2 protein chains.
Amino acid sequence: MTVRRSIPDATVARLPIYHRVLTGLVDSGVTTVSSEELAADSGVNSAMLRKDLSHLGSYGTRGVGYDVDLLVYQIARELGITSEWPVVIAGVGNLGRALANYGGFDSRGFRIVGLLDADPQVVGRTFGRGARAQIVHDLSDLEQVVADGQPAIGVIAVPAESAQSVCDRFTAAGVSSILNFAPVELVVADSVEVRKVDLATELQILAFHEQQRRQRTDRELIDVTDANLAGVGDRT
Amino acid sequence: MTVRRSIPDATVARLPIYHRVLTGLVDSGVTTVSSEELAADSGVNSAMLRKDLSHLGSYGTRGVGYDVDLLVYQIARELGITSEWPVVIAGVGNLGRALANYGGFDSRGFRIVGLLDADPQVVGRTFGRGARAQIVHDLSDLEQVVADGQPAIGVIAVPAESAQSVCDRFTAAGVSSILNFAPVELVVADSVEVRKVDLATELQILAFHEQQRRQRTDRELIDVTDANLAGVGDRT
DNA sequence: GAGGGTTTGTGCACTCGTGCACAAGCTCGG
DNA sequence: CCGAGCTTGTGCACGAGTGCACAAACCCTC
């Protein structure tokens, strides 16, 4: 009798993927799926998928598989998609706009309740289509926007210089979860959770592995020890 | 005598952060830094930082700390920032534009050699400021753009439906590293490395923890077991 | 030149994540 | 009603990552 709570972080990070894949299956009219199929579509090992799902409870049927509708619902409930999450976005540059226009938010329970920017040329403009349209407020009205919309999640898409300041004001206003796109390490109280997405870092990790691969193949061609990397110079 | 190669993945993922923080220190005129300080600025444990850096070699001085300039160079070399990495971006929506305009690319060795989009209204337009300006090519010219620019890294910022197709064409044309922003699990050959950034997933992870926190505090207020969630209601 | 203070580099132990392999349990046909 | 054939759920072992704690090594002062 495992206590339902305390799902491993690694599992939580994968649940949204399963949920997305399963939603696709629902649209395709599939009603039952095996761990093998779902794992393949999600790009993970089937044993890991079963263990992940077992943390939510025992919703599969041995010899058959999982009921797609039931599984979608259970994952949605665990992730909190069943309720609606107000989100506020600071910084309406290209990145902020990409988020404001992102179609997948509504269906996953997120609702943008405020856009903020410091640029007077942007303040007052409207982004987002149809019912999701939102006017951009001045960044100085942050506290008021948070008070009105009561967002639990704040997105920081402002330049690095102002990220910490916006973060401080968010947390002071009661925002307890922050998604940070600015390339700085935010300092926050323990009660606040921060997740970071750094585009340059991701590219650099790819570049590193790319370089490793090239050095490896280089070494297979000409078998020279790399002891003398004195002349660093141009890698043309 | 550890063999220089085979740096742990977890370390590789942090090197870009150290590099960024150190670059900031250089700009501030700092010449020497201790593991304690650098770790604090990078948001990690100091022992972990020292172990990370030890994988590059022994570039610190006991009793003193690390020479900032030397460390910046060594990390840059390890990450491959010393050479230039051509990058091609497919999809010039808000996200693709955010990348095209991102200022931190040049300084980290990345150079955009091609922008691609399927929308005729966007093809032919120019994005990026000054010397980084780039004309948007038609997506059907992907192979030609890759042949001309010889990019090692391809960024996929197209809608989910066309992501796999673009990915296949990228890899067929010789791109061996892919950064995927589309919410799909790409299927590729083993020789190709894919990294994924999914905005909705990040928000859902935050929402999950937010919900956990609320349930925890709720339970402290009213101590009711959640055993009876039988009446789930309509799952139309 | 010697000793105190400081900081790096790393051995060690612990935790977490992953995947194999198999028992438990379901369905369906006879 | 029973057995064959699947598929789930999980015990177990292995590997990777993390952080404490300490020896090794350096600088500076006297």
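Since this is a predicted model, take the numbers as computed values, not measurements. Numbers restart at 1 for each chain; the letters A, B, ... are given by sequence-line order, proteins then strands.
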Can you name the closest pair of heavy atoms from B/Q212 and A/S6 and give their distance? NE2-N, 4.4 Å
Which heavy-atom pair separates A/A182 from A/A160 by the least distance, and what is that distance? CB-CA, 4.1 Å
How close or far is atom C1' of C/dG11 from atom CZ of B/R50, stated in whole angstroms? 13 Å
Scoring nucleotides 25-30 of chain C by protein non-hydrogen atoms under 4.0 Å (B base, S sugar-phosphate only, - none) yields BBS---
Please check this pair: side chain of A/Q211 against backbone of B/E78, looking for a donor-acceptor N/O pair closer than 3.5 Å. yes
Would you indicate what B/S46 reaches in the nucleic acid, counting non-hydrogen atoms under 4.0 angstrom: base, sugar-phosphate, or nothing? nothing
Of all the heavy-atom pairs spanning B/A163 and B/I156, show the shortest one and how long it is. O-CD1, 3.9 Å
Under 4.0 Å between a side-chain nitrogen and a carboxylate oxygen: does that hold for B/E185 and A/R20? yes
With side-chain hydrogen bond (donor to acceptor under 3.5 Å, both in side chains) as the test, would you mind laying out the steps for B/Y59 and B/D67 before giving the verdict? CA-CA 8 Å; B/Y59 298 119; B/D67 181 273; over 6 Å; no
Distance in Å, A/L53 CG paired with A/L38 CG, rounded so as to fall on 0.5 Å steps: 6.5 Å
Contact summary for B/F105 and B/L99, nearest pair of heavy atoms: CE2-O, 3.4 Å
Does A/T61 use its side chain to pair, donor to acceptor, with the backbone of A/V64 at less than 3.5 Å? no
In 5'-to-3' order, the base (B), backbone-only (S) or no-contact (-) status of each nucleotide in nucleotides 13-18 of chain D, using a 4.0 angstrom heavy-atom cut-off, is ----SS
Listed pairs under 3.5 Å, donor-acceptor, residues 167-179 of chain A side chains, sequence neighbours left out:
from, atom 1, to, atom 2, distance (Å)
A/D168, OD1, A/Q164, NE2, 2.8
A/R169, NE, A/E143, OE2, 3.0
A/R169, NH2, A/L139, O, 3.0
A/R169, NH2, A/E143, OE1, 3.0
A/T171, OG1, A/C167, O, 3.2
A/T171, OG1, A/D168, O, 2.9
A/S176, OG, B/E210, OE1, 3.0
A/S176, OG, B/E210, OE2, 2.8
A/S177, OG, B/E210, OE1, 2.6
A/S177, OG, B/R213, NH2, 3.3

Rounded to the nearest angstrom, tell me the gap between atom NE2 in A/H55 and atom P in C/dC16. 12 Å
From the options B/D41, B/V68, B/I17, B/D27, select the one residue that forms a side chain to side chain contact (heavy atoms under 4.5 Å, CB included) with B/L22. B/V68
Can you check the A/Q74 CD to D/dG9 P distance for me, whole Å? 12 Å
For DNA chain C, which residues in residues 33-42 of chain B have a heavy atom at a distance below 4.0 Å? B/S34, B/S35
On a heavy-atom basis, the closest approach of B/A157 and B/F181 is CA-CB, 4.5 Å
Do any of residues 190-207 of chain B sit with a heavy atom less than 4.0 Å from DNA chain C, and if so which? none
Side chains of B/V197 and B/L199: does their closest heavy-atom pair fall under 4.5 Å? yes
Do B/S34 and B/Y66 come within less than 4.5 Å of each other through their side chains, counting heavy atoms only? no
Distance below 4.0 Å between A/Y66 side-chain N/O and D/dG9 OP1 or OP2: yes
Take the C1' atoms of the five end pairs on each side of the helix from C/dG1-D/dC30 to C/dG30-D/dC1, get both axes, and report the angle to 10 degrees. 0°
Is there a donor in the side chain of B/T82 and an acceptor in the side chain of B/R77, or the other way round, less than 3.5 Å apart? no
Round to the nearest Å and state the distance from A/L49 atom CG to D/dT7 atom C1'. 13 Å
note: A/L56, atom CG; D/dG9, atom P; distance rounded to Å ~ 10 Å
A/I7 side, atom CD1; A/L15 side, atom CG - distance, nearest 0.5 Å: 6.0 Å
Using whole Å, what does the distance between atom P of nucleotide C/dT10 and atom CG of B/L53 come to? 12 Å
